[in-house]
Participant: 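Sharing a structure below in structure tokens format, with a few things to ask.
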Amino acid sequence: MSVADPARVSCPAPPAAGDAVLLGHGSGGRLSAELLREVVLPAFGSAEAVAEDGAVLAVGGAELVLSTDAFVVDPLFFPGGDIGTLAVHGTVNDLAMMGAAPAALALAFVIEEGFPIEDLRRICAAAGAAAAAADVRVVTGDTKVVGRGAADGLFVTTTGIGQRRPGVTVSAAAARPGDAVLLSGPIGAHGITVLGARAALGFESEIASDTRPLHRLVAAMLDAAGPALHAMRDPTRGGLASALNEIAGASRVGIEIDEGAVPVVPSVAAACDLLGLDPLHVASEGCLVALAAAETAEPLVAAMRSTGEGQGAVRLGRVVAEHPGRVVMRTLTGGRRIVDMLVGEQLPRIC
């Protein structure tokens, strides 16, 4: 047996972020933001654009919102949902975060050769049921089939269009010092559910995805606060931490939240502790964070709690003029820590 010369043995280094696309570029965190800012947006002449959940288009005196999203979740079926349900809810919610009621959806499949027809039938039925429950129609779409190994089973892309309520100006860039920071319910259930299903972790306490449409919750919030509702985000990839950092950066304000006010159900908190995950970075698919004028906070929370989707609504913190672009948490021990965007990939392919 020959022994290699130690001087000639080396471990291959992972590609630098600038050399190749990494899983972390799809995390919704810092690498995702860099990819958009440095590669994608400049190609379309919008390098300085605010990253919103949808585009607002003025058409015939009305404001329409257009949003598109791709879904690559693994596994395709998980407790509380599947890729079809998730695709419908995700696009409905992106429209809602811009203050729009969904009007129609387009849905496209990329299917790997050999994918079971019965699984495809289940996913189509689930997407159709989710759309019907959200009072939105799937009106067009596309289907492509690729060879074995060219895709991982099934990928779904949805595009949605909706009409924005007159007078609504919600934007990630519209938060103002003094605003209250509100959260509609517990965080982290979806990401932990998908991770548990993928790795067959077998949590003793059943954890299910929180995926659901939020447009009815948003309608109740707009009824209660009107133009005093300044910004909204659903904390999907990258979790609550990334959503708050996106708003702080776009609005050039600081955000301060209280650790004791962040709702995490015990089973999700226990799973995060076990796996060494920060719940602030774990994805949710059925809650939203909102920033609104402080004087509307109490009636707005009451309006949120009056809906099924917002029963767990809480006041989480406030917007400040200090430390613009940064999110700070007041800890249970009285200290303060910076809440940064997710760096790298914590939970790949959770949506």
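Heavy-atom basis, side chains included; hydrogens, waters and symmetry copies ignored.
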Participant: So, taking the atom named NE2 in H323 and the one named CD1 in I255, what distance separates them when rounded to the nearest 0.5 Å?
Facilitator: 9.5 Å

Participant: Mind listing the closest non-hydrogen atom pair of P263 and L183 along with its distance?
Facilitator: CD-CD2, 3.5 Å

Participant: Side chains of H25 and E34: closer than 4.5 Å at any heavy-atom pair?
Facilitator: no

Participant: Are P186 and C287 packed together at the side-chain level, in the sense that at least one heavy-atom pair is separated by less than 4.5 angstrom?
Facilitator: no

Participant: When you group the ILVMFWY residues by side-chain heavy-atom contacts below 4.5 Å and let the links chain together, are F78 and L120 in the same group?
Facilitator: yes

Participant: Establish whether M97 and L300 are linked, either directly or via other cluster members, by ILVMFWY side-chain heavy-atom contacts under 4.5 Å.
Facilitator: yes

Participant: Quick one: are R216 and M221 in side-chain contact, heavy atoms under 4.5 Å?
Facilitator: no

Participant: Please report the shortest heavy-atom distance between V92 and P102, naming the atom on each side.
Facilitator: CG1-CG, 4.0 Å

Participant: Ignoring hydrogens and angles, tell me if any N or O in the side chain of R198 forms a donor-acceptor pair with the backbone of D74 under 3.5 Å.
Facilitator: yes

Participant: Let me see the working for V72 and D152 under side-chain contact (heavy atoms from CB on, under 4.5 Å), right down to the final yes or no.
Facilitator: CA-CA 8 Å; V72 297; D152 189 5; over 6 Å; no

Participant: Please report the shortest heavy-atom distance between L57 and L66, naming the atom on each side.
Facilitator: CD1-CB, 4.2 Å

Participant: Counting only heavy atoms not in R337, do more than 12 fall under 6.0 Å of its CZ?
Facilitator: yes

Participant: Do you know which of D94, T158, T211, D210 makes side chain to side chain donor-acceptor pair (under 3.5 Å) with H89?
Facilitator: T211

Participant: Are side-chain heavy atoms of D53 and D234 found at a separation under 4.5 Å?
Facilitator: yes

Participant: Find the distance between CG (L86) and CD (E285) and round it off to the nearest 0.5 Å.
Facilitator: 4.5 Å

Participant: Please list all pairs meeting salt bridge (charged side-chain N to carboxylate O under 4.0 Å, His left out) that have one or both residues in residues 294-317, counting only residues at least two apart or in different chains.
Facilitator: none

Participant: Given the rule in the side-chain contact (heavy atoms from CB on, under 4.5 Å) test, do V268 and V282 qualify, once you have shown the distances and angles that lead to the verdict?
Facilitator: CA-CA 10 Å; V268 171; V282 180; 5.8 Å; no

Participant: Between S242 and N245, is a side-chain hydrogen bond (donor to acceptor under 3.5 Å, both in side chains) present by the stated rule, with each step listed?
Facilitator: CA-CA 5 Å; S242 287; N245 272 280; over 6 Å; no

Participant: Side chains of I83 and F155: closer than 4.5 Å at any heavy-atom pair?
Facilitator: no

Participant: Please report the shortest heavy-atom distance between T85 and A126, naming the atom on each side.
Facilitator: OG1-CB, 3.6 Å

Participant: Would a distance-only check, ignoring hydrogens and angles, find a side-chain to backbone donor-acceptor pair under 3.5 Å from E113 to G147?
Facilitator: no

Participant: Looking only at heavy atoms, what is the nearest atom pair of T193 and P79, with distance?
Facilitator: CG2-O, 3.3 Å

Participant: Once rounded to the nearest 0.5 Å, what's the spacing between atom CG of D119 and atom CG of L154?
Facilitator: 9.0 Å

Participant: As an exercise, state the distance from CG of L222 to CE of M232, rounded to the nearest 0.5 Å.
Facilitator: 5.5 Å

Participant: Check whether any side-chain heavy atom of T236 sits under 4.5 Å from a side-chain heavy atom of H190, and report yes or no.
Facilitator: no

Participant: Does a side-chain N-to-carboxylate-O contact under 4.0 Å join R336 and E256?
Facilitator: yes

Participant: Taking atom NE2 of H215 and atom CG of L288, what is their separation to the nearest 0.5 Å?
Facilitator: 13.0 Å

Participant: State the CG-CD1 distance between L280 and I257, to the nearest 0.5 angstrom.
Facilitator: 5.5 Å

Participant: Does the pair D223/R165 count as a salt bridge with the N-to-O cut at 4.0 Å?
Facilitator: yes

Participant: Are side-chain heavy atoms of V56 and R164 found at a separation under 4.5 Å?
Facilitator: yes

Participant: Can you tell me if N93 uses its side chain to pair, donor with acceptor, with the backbone of R212 under 3.5 Å?
Facilitator: yes

Participant: Please say whether more than 12 non-hydrogen atoms of neighbouring residues, nucleotides or ligands are located less than 6.0 Å from CZ in R326.
Facilitator: no

Participant: Does M329 belong to the same Ile/Leu/Val/Met/Phe/Trp/Tyr cluster as V319, with side-chain heavy atoms less than 4.5 Å apart forming each link?
Facilitator: yes

Participant: Can you find a pair of side-chain heavy atoms, one from L316 and one from L240, that are under 4.5 Å apart?
Facilitator: yes

Participant: Would you say M341 ends up clustered with L277 if hydrophobic residues are merged whenever their side chains have heavy atoms under 4.5 Å apart, either directly or through other cluster members?
Facilitator: no

Participant: Any chain of hydrophobic side-chain contacts (each under 4.5 Å) joining L291 to V320?
Facilitator: no

Participant: Looking at every non-hydrogen atom in both residues, tell me the closest pair between A271 and I207 and how far apart they are.
Facilitator: CB-CD1, 4.2 Å

Participant: Could you walk me through whether V194 and S209 pass the side-chain contact (heavy atoms from CB on, under 4.5 Å) test, one step at a time?
Facilitator: CA-CA 8 Å; V194 170; S209 171; 5.9 Å; no

Participant: Would V264 and V262 count as a side-chain contact (heavy atoms from CB on, under 4.5 Å) if you check the C-alpha gap in whole Å, the side-chain angles of each, and the deciding distance to 0.1 Å?
Facilitator: CA-CA 6 Å; V264 185; V262 179; 4.2 Å; yes

